[in-house]
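I have placed the structure first, in the form of structure tokens, so that the comments after it can refer back to it.
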Number of protein chains: 2
Amino acid sequence: MHIKNILKDMEKDNIQAYLLTQFTNIKYISDYKPTSFAFCVIKENPIIYASQMDMEIANRDSTIEVKEYEKFEVMIDDLKKEGIKNLAIEPSLVYSTYEKFKDDFKIESKNYIDKQRMIKSSDELKNIKKATEIAQTSFKQLDVANRSETEDVLAFDLVRLMIENGASGESFDTILVSGSDTSLPHAVPQPKKLETPILVDWGAKFNGYCSDNTRTIVYTEKQHEIFDIVLESHDKAIKAIKPGLKCCEIDKVSRDIIKEYGYGDNFIHSTGHSLGLDIHETPGFSIRDNTVIEKGMVITVEPGIYLEGEFGVRIEDTVSIGNKAKIIGNLSI
Amino acid sequence: MHIKNILKDMEKDNIQAYLLTQFTNIKYISDYKPTSFAFCVIKENPIIYASQMDMEIANRDSTIEVKEYEKFEVMIDDLKKEGIKNLAIEPSLVYSTYEKFKDDFKIESKNYIDKQRMIKSSDELKNIKKATEIAQTSFKQLDVANRSETEDVLAFDLVRLMIENGASGESFDTILVSGSDTSLPHAVPQPKKLETPILVDWGAKFNGYCSDNTRTIVYTEKQHEIFDIVLESHDKAIKAIKPGLKCCEIDKVSRDIIKEYGYGDNFIHSTGHSLGLDIHETPGFSIRDNTVIEKGMVITVEPGIYLEGEFGVRIEDTVSIGNKAKIIGNLSI
């Protein structure tokens, strides 16, 4: 099904074979997720060259024919024997691999898979919803505002709760930080007692799919004031989302509200990113992303205001897009 | 210091600027570890273009001048203004980034940093030793052979112990598996009670540096028999290591012993890999690696025999290389 659509795209571009190495792309296409390097070649008869140590699981999981990888030269010979001259690669292919193919093929970078992965199937959405449910239930159980442990231990407890609730793990390094560290969007939990505000950015992984949320618990008057601005930005951005608009237009809605209050320079990242098998997928609600919003996309909305040396506030929900955007999960803000 | 050596290498190759994007390479060179994309350019006046959201930590940590990243065009203009024509990139640079530079510069892929990172400084070795000590202490505390919980919970407990003992986290996804899953070198812990044998492959992270060990606890006669072969391979490979030999020669020592016993086809990966800021670094004890062993390298030795559908045994230690190889840590096998 996925492969048929890709073959159509390839035909239009006169591409004979499409080389994949990104683990999540290979999983998306074949159900086999490599644990070591692997090369998947989409063509009339698609094939995966798996590393020797992965052969047992590749044979078990893959819906595509699997062959044991021997060396580059063998792959290149195989492709040449089939008369392949025009080869497409993923934008994320590393240069050292590209270099090994570049003399034997005409190479173009194509995002055929990213394009398909933008639109989630109902099964994919179900997995994202389940991951979100697990993450949010665990967050409630953690009850972070009433705990006396240190940041790093609490971050760890949150992951443990997610696993106990059915996740296979965290979907990215849990950010559970407090005090002035909250002004760093990607801060690392420290062995120190909680200060205020408390910011938690976390997600669970379920069946390979990610969830992503952020909550900030505020205490002082100034923290509340900033919180209200971020919340207004979050709510209005979500309301503005609809198919047909461009992603950058949603970033603008979110950013303009924060600008109006005079904090434009303190909103130091984009408004959101898609997620699925990877925690960061395309498209994103960013100033530079002109992708047209479509039904089936699943994207985060996460405005923030960061006051260096003081504190930061971020509020993040993941939305699934139908005729409008619907927040996944039901965690109060 | 590091930068001076790289500038020397660059001069020899007539390279005017060296572009880095790999987070651990940027940390190695500047002490700043990006949490979002960043571009570090090594040249007479080295510079890092950091993302807006990283500016606070980049300014705090980096020993190299930091500038806020605006867009590609600005970076390219900056380089051109300085008269830079010959640009080197890391072998791991993604194609989509390479593509943005390729029309304006003559580009070559160079592993200047990998080459330096092969030889660990005494501070680096200290960090690897501390990471190993934490990991091994935690493994003893876990006492896995006498536990009744499921694989996934025990894997989780091991990570928790490492953090309580001072690690910042695990250096890779902990493999704590049992029964027939041990025949998969990269198996994932499952929510099931322990069977036999029990295989644990784990490591701690300390100050950014990794450790890596594997222990297999065997029970049946056949498991013991396979264990003894793997142990012989492990011990003799470590004894064979000395500066001046090629890495592939150590792989051969290890592999030949397993072959002699008739299990050559069941040793389905290479004998070892370097580690440091990354869990997999170069060089490795592999059939294809002709790198000459030098003092200061830190490499794993981890032969294994995998009997599909039955079980697997792997024994892994990390060695630091002086006149001979010395096992890091003191965990019994």
Side-chain angles (χ1 to χ4, degrees), chain A residues 22 33-36 51-57 59-60 68 71 89-99 102 107-109 111 152-153 155-157 159-160 163-164 166-169 173 175 180-181 183-191 265 267-270 280 288 304 306 308-309 312, chain B residues 22 33-36 51-57 59-60 68 71 89-99 102 107-109 111 152-153 155-157 159-160 163-164 166-169 173 175 180-181 183-191 265 267-270 280 288 304 306 308-309 312:
Chain A
Q22 199 180 307
K33 186 160 182 196
T35 77
S36 181
S51 78
Q52 192 188 14
M53 67 183 282
D54 260 4
M55 286 303 289
E56 189 177 339
I57 58 165
N59 281 325
R60 184 190 68 194
E68 188 178 314
K71 43 186 181 173
I89 58 171
E90 297 158 304
S92 60
L93 189 77
V94 298
Y95 183 82
S96 54
T97 304
Y98 159 73
E99 214 175 9
K102 77 178 173 31
I107 294 182
E108 282 177 80
S109 141
N111 64 353
D152 57 346
V153 169
F156 201 74
D157 272 356
V159 182
R160 188 192 185 97
I163 289 178
E164 285 173 358
S168 62
D173 289 345
I175 301 170
S180 60
D181 277 358
S183 78
L184 305 168
H186 285 168
V188 175
Q190 298 297 323
D265 291 342
F267 182 9
I268 56 180
H269 53 68
S270 59
H280 289 118
R288 285 187 196 85
Y306 305 93
E308 190 173 333
Chain B
Q22 200 180 306
K33 185 158 181 196
T35 78
S36 181
S51 78
Q52 191 188 15
M53 65 184 284
D54 260 5
M55 284 303 289
E56 190 176 341
I57 57 164
N59 281 325
R60 185 190 67 194
E68 187 178 315
K71 44 185 181 174
I89 57 171
E90 297 157 304
S92 61
L93 189 77
V94 298
Y95 182 83
S96 54
T97 304
Y98 160 73
E99 213 175 9
K102 78 176 171 37
I107 294 181
E108 280 178 80
S109 142
N111 63 353
D152 57 347
V153 169
F156 201 75
D157 273 355
V159 182
R160 187 192 188 97
I163 288 179
E164 284 173 0
S168 62
D173 289 345
I175 300 170
S180 61
D181 277 359
S183 78
L184 305 169
H186 284 167
V188 175
Q190 299 297 323
D265 291 343
F267 182 10
I268 55 179
H269 53 68
S270 59
H280 289 118
R288 287 189 194 83
Y306 305 92
E308 189 173 334

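Note on naming: letters A, B, ... go to the chains in the order of the sequence lines (proteins, then strands), and numbering restarts at 1 for each one.
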Could you give the distance from OG (B:Ser168) to CD (A:Gln190), rounded to the nearest 0.5 Å?
10.0 Å
For the atom pair OH (B:Tyr95) and CD (A:Glu108), what is the distance rounded to the nearest 0.5 Å?
8.5 Å
Tell me, side chain or backbone of [X] under 4.5 Å from chain B's heavy atoms, or both, or neither?
{"X": "A:Tyr98", "result": "side chain"}
{"X": "A:Asp265", "result": "backbone"}
{"X": "A:Glu164", "result": "neither"}

Between A:Glu56 and B:Gly309, what is the shortest heavy-atom contact and its length?
OE2-N, 4.0 Å
Shortest non-hydrogen pair, A:Thr35 vs B:His186, comes out as OG1-ND1, 2.8 Å
Of the listed A:Asp152, A:Asp173, A:Val159, A:Asp54, the one with the largest count of heavy-atom pairs under 4.5 Å with chain B is A:Val159
Who among A:Arg160, A:Met55, A:His280 has the most heavy-atom pairs with chain B under 4.5 Å?
A:Arg160
B:Gln22: partners by side-chain contact (heavy atoms from CB on, under 4.5 Å), with sequence neighbours left out
B:Thr24, B:Asn25, B:Glu90, B:Ser92, B:Arg117, B:Asp278
Who pairs with B:His269 by ring pair (Phe, Tyr, Trp, His ring centres under 6.0 Å), at least two apart in sequence or on another chain?
B:Phe267, B:Tyr306
Does any heavy atom of chain A fall under 4.5 Å from the side chain of B:Ile163, the backbone, both, or neither of them?
side chain
Can you find a heavy atom in the side chain of A:Glu68 that is under 4.5 Å from one in the side chain of B:Ile268?
no
Taking C-beta and beyond as the side chain, do B:Val188 and A:Lys33 meet within less than 4.5 Å on heavy atoms?
no
